[in-house]
2 protein chains.
Amino acid sequence: MTVSIENFVKTIYNQSRLAVVDTRISTLARLLNITNAAATDMARKLATKKLINYTKYKPLTLTSTGNHLALNVIRKHRLWESFLYKTLNLSLHEIHKEAENLEHFTSDFLADKIEKYLGFPTTDPHGDPIPVLNKEVEIDHAQILLSDANAGFEYEISRLFSSEKDFFDFCSSNQISVGSTIWVEKQFNANKMTEIIINQNKILLNEDFTNIIYVKQLN
Amino acid sequence: MTVSIENFVKTIYNQSRLAVVDTRISTLARLLNITNAAATDMARKLATKKLINYTKYKPLTLTSTGNHLALNVIRKHRLWESFLYKTLNLSLHEIHKEAENLEHFTSDFLADKIEKYLGFPTTDPHGDPIPVLNKEVEIDHAQILLSDANAGFEYEISRLFSSEKDFFDFCSSNQISVGSTIWVEKQFNANKMTEIIINQNKILLNEDFTNIIYVKQLN
DNA sequence: TTAAATAATTAAGCTTACTTAAATATTTAA
DNA sequence: TTAAATATTTAAGTAAGCTTAATTATTTAA
């Protein structure tokens, strides 16, 4: 499989796991930085390879083979992130950028070695689950979006689901990291903002951020 | 730079460092598993990019830019080998195979981090020197080929210069590794074979092997 | 409910890195 | 020293993964 194909199925997979599923040609094209025409071409090609289900003008879905391929790439991505984070102490954004390249040039053999070295971790440093070969990724039901958290409760940050440098820079300058404890002060439902207190500091987050921060209620 | 270009200049570099320099089109084509026609094409292209000096029908040489590129790729290769060897305990051949892919998708930033993690090593687990950015690789004059060693002396193995699985399998099953001590029993000059004693075992090596094993005389 | 906006598709073309086949140059050996 | 062998180059063509431009389908908003 080529890098283009791996990135295409990986993007479909990621888009199909969002709260608002969006696997339209134009969305994939935008995320992959290619034209709609190129995305349509690729869709037709991957359909003949039985990696995706494709009906003209309809959103794309992965076949079970395509799903398997996507999970294999994502597994390697998250194992690399974990490995580089542990050994070289890179930042959350740095590990993502490097893993984005390495994921396509990693043998199953090497991925297994890394997995073993790390002690078979279940999540990467962003809190993203690391797929286990031939197993569907399970949803952690104890975990909810910060935008859905209730005011007046304490939560632990469990996942920072992003690949944007700006977001990670914001997180690190506000001590927002996986494992830290926060107090949800107020949900401004009208303007979709959330006020939290972290280490005595009040922060107001808008939905762009509260929709990618996952938390678990404490006690 | 593409993978094809990086591998092309890397191969020229490696061929130009052999005892018998051979950077002819047909040799490069064979080593890169492409046709002579493709190698000629690439030679013409890289000449316009000022990476190589190319005159029709003549052996290829690297420009200083080409040399720099080759060393950068080789540096990443050997840093990866060292890193995977240390952390994951892979074999000499396994680290080579993985590094062969990873070398092309490693940022300078990541290479620097690995180099620092390893404590700025000067050689990789094969004993191959790790180039330092913007410095020419120095030849270790204390080191000679096993084929040039003198009978009746003790040597330390300092480099196993190969990428062949068969060679590394042979080495590991005969306890030949970088750092081990050997006794050179006899040089059969007529048939280009060398008899050595290692851990009380006599082994007869032919020139294919004694021309890629480097040693340093002890005391 | 239909016109306008948006999205998706098709068609034609480009670049990279190859291929095979044919032509030409260089090297080797009788 | 020249004929044969080998090496290199040139020419034409291919597949992947893109592009732009034009066309067609779908969605949205008046």
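Note that the coordinates shown come from a computational prediction; the quantities given were computed from them, not determined experimentally. Each chain gets a letter, A, B and so on, in the order the sequences are listed, and its residues count up from 1. Atoms considered below: every heavy atom in the structure, side chains included; atoms not considered: hydrogens, waters and symmetry mates.
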Checklist entry - Going by the ring-ring contact (aromatic ring centres under 6.0 Å, His included) test, which pairs reach into residues 27-68 of chain B, not counting sequence neighbours? => result none

Next on the checklist: Using the side-chain heavy atoms of Ala38(B), tell me which of these nucleotides is nearest: dC18(C), dT20(C), dC18(D).
Outcome noted: dC18(C)

Next on the checklist: Please name the nucleotide paired to dT10(C) by Watson-Crick or G-U wobble geometry with both distances under 3.5 Å, or report none.
Outcome noted: dA21(D)

Checklist entry - Rounded to the Å, how far apart are Asn36(B) CG and dC18(C) P? => result 13 Å

Next on the checklist: In whole Å, I'd like the distance from the CZ atom of Phe8(A) to the C1' atom of dC18(D).
Outcome noted: 13 Å

Checklist entry - Over how many whole Å does the gap from Ile5(B) atom CD1 to dT15(C) atom P extend? => result 15 Å

Checklist entry - NA contact type, Ala39(A), heavy-atom cut-off 4.0 Å: base, sugar-phosphate, or nothing? => result nothing

Checklist entry - Near DNA chain D, which residues from residues 51-63 of chain B have a heavy atom under 4.0 Å away? => result Tyr54(B), Lys56(B), Tyr57(B)

Item to check | Residues which pass side chain to side chain donor-acceptor pair (under 3.5 Å) with Asp169(B), listed by chain and number, not counting sequence neighbours | outcome: Lys165(B)

Next on the checklist: Using whole Å, what does the distance between atom C1' of nucleotide dT10(D) and atom CG of Asp41(B) come to?
Outcome noted: 9 Å

Item to check | Residue pairs involving residues 24-40 of chain A (criterion salt bridge (charged side-chain N to carboxylate O under 4.0 Å, His left out); sequence neighbours excluded) | outcome: Asp22(A)-Arg24(A)

Checklist entry - Lys49(A) has an atom NZ; how far is it from atom P of dA15(D), in whole Å? => result 13 Å

Checklist entry - Does any residue of residues 16-26 of chain A have a heavy atom under 4.0 Å from DNA chain C, and if so, which ones, in number order? => result Arg24(A), Ile25(A), Ser26(A)

Item to check | Pairs satisfying side-chain hydrogen bond (donor to acceptor under 3.5 Å, both in side chains), at least one member in residues 115-124 of chain B, at least two apart | outcome: Arg75(B)-Glu115(B)

Item to check | Whichever of Ala37(A) and Thr2(A) has its nearest DNA chain D nucleotide further upstream toward 5' | outcome: Thr2(A)

Next on the checklist: Measure CE/Met42(B) against P/dT9(D) and give the value in whole Å, please.
Outcome noted: 14 Å

Item to check | Donor-acceptor contact below 3.5 Å, side chain Ser158(A) vs main chain Tyr214(A) | outcome: yes

Next on the checklist: Can you tell me if Arg44(A) touches the phosphate of dT10(C), counting only side-chain N or O atoms and a distance under 4.0 Å to OP1 or OP2?
Outcome noted: yes

Next on the checklist: Counting the atoms with a prime plus P, OP1 and OP2 as sugar-phosphate, which does Ser4(B) contact under 4.0 Å by heavy atoms, base, sugar-phosphate, or nothing?
Outcome noted: sugar-phosphate

Checklist entry - Within this structure, what is the CG-to-C1' distance between Leu46(A) and dA16(D), rounded to whole angstrom? => result 12 Å

Checklist entry - Heavy atoms under 4.0 Å, any strand shown: does Thr40(B) hit a base, just sugar-phosphate, or nothing? => result base

Item to check | Rounded distance in Å - CZ (Arg30(B)) to C1' (dA7(D)) | outcome: 13 Å

Next on the checklist: My understanding is that only residues two or more places apart in sequence, or in another chain, count here; which of them pass salt bridge (charged side-chain N to carboxylate O under 4.0 Å, His left out) with Lys10(A)?
Outcome noted: Glu100(A), Glu103(A)

Checklist entry - What is the base-pairing partner of dA7(D), counting Watson-Crick and G-U wobble geometry with both distances under 3.5 Å? => result dT24(C)

Checklist entry - Applying ring-ring contact (aromatic ring centres under 6.0 Å, His included), which residue pairs with at least one partner in residues 123-151 of chain B are found, sequence neighbours left out? => result His126(B)-Phe168(B)

Item to check | Salt bridge Arg159(A)-Asp140(A), side-chain N to carboxylate O under 4.0 Å | outcome: no

Checklist entry - For the side chain of Asn191(B) and the backbone of Met193(B), is there at least one donor-acceptor N/O pair under 3.5 Å apart? => result no

Next on the checklist: If the condition is salt bridge (charged side-chain N to carboxylate O under 4.0 Å, His left out), which residues does Glu164(A) pass it with, not counting sequence neighbours?
Outcome noted: none

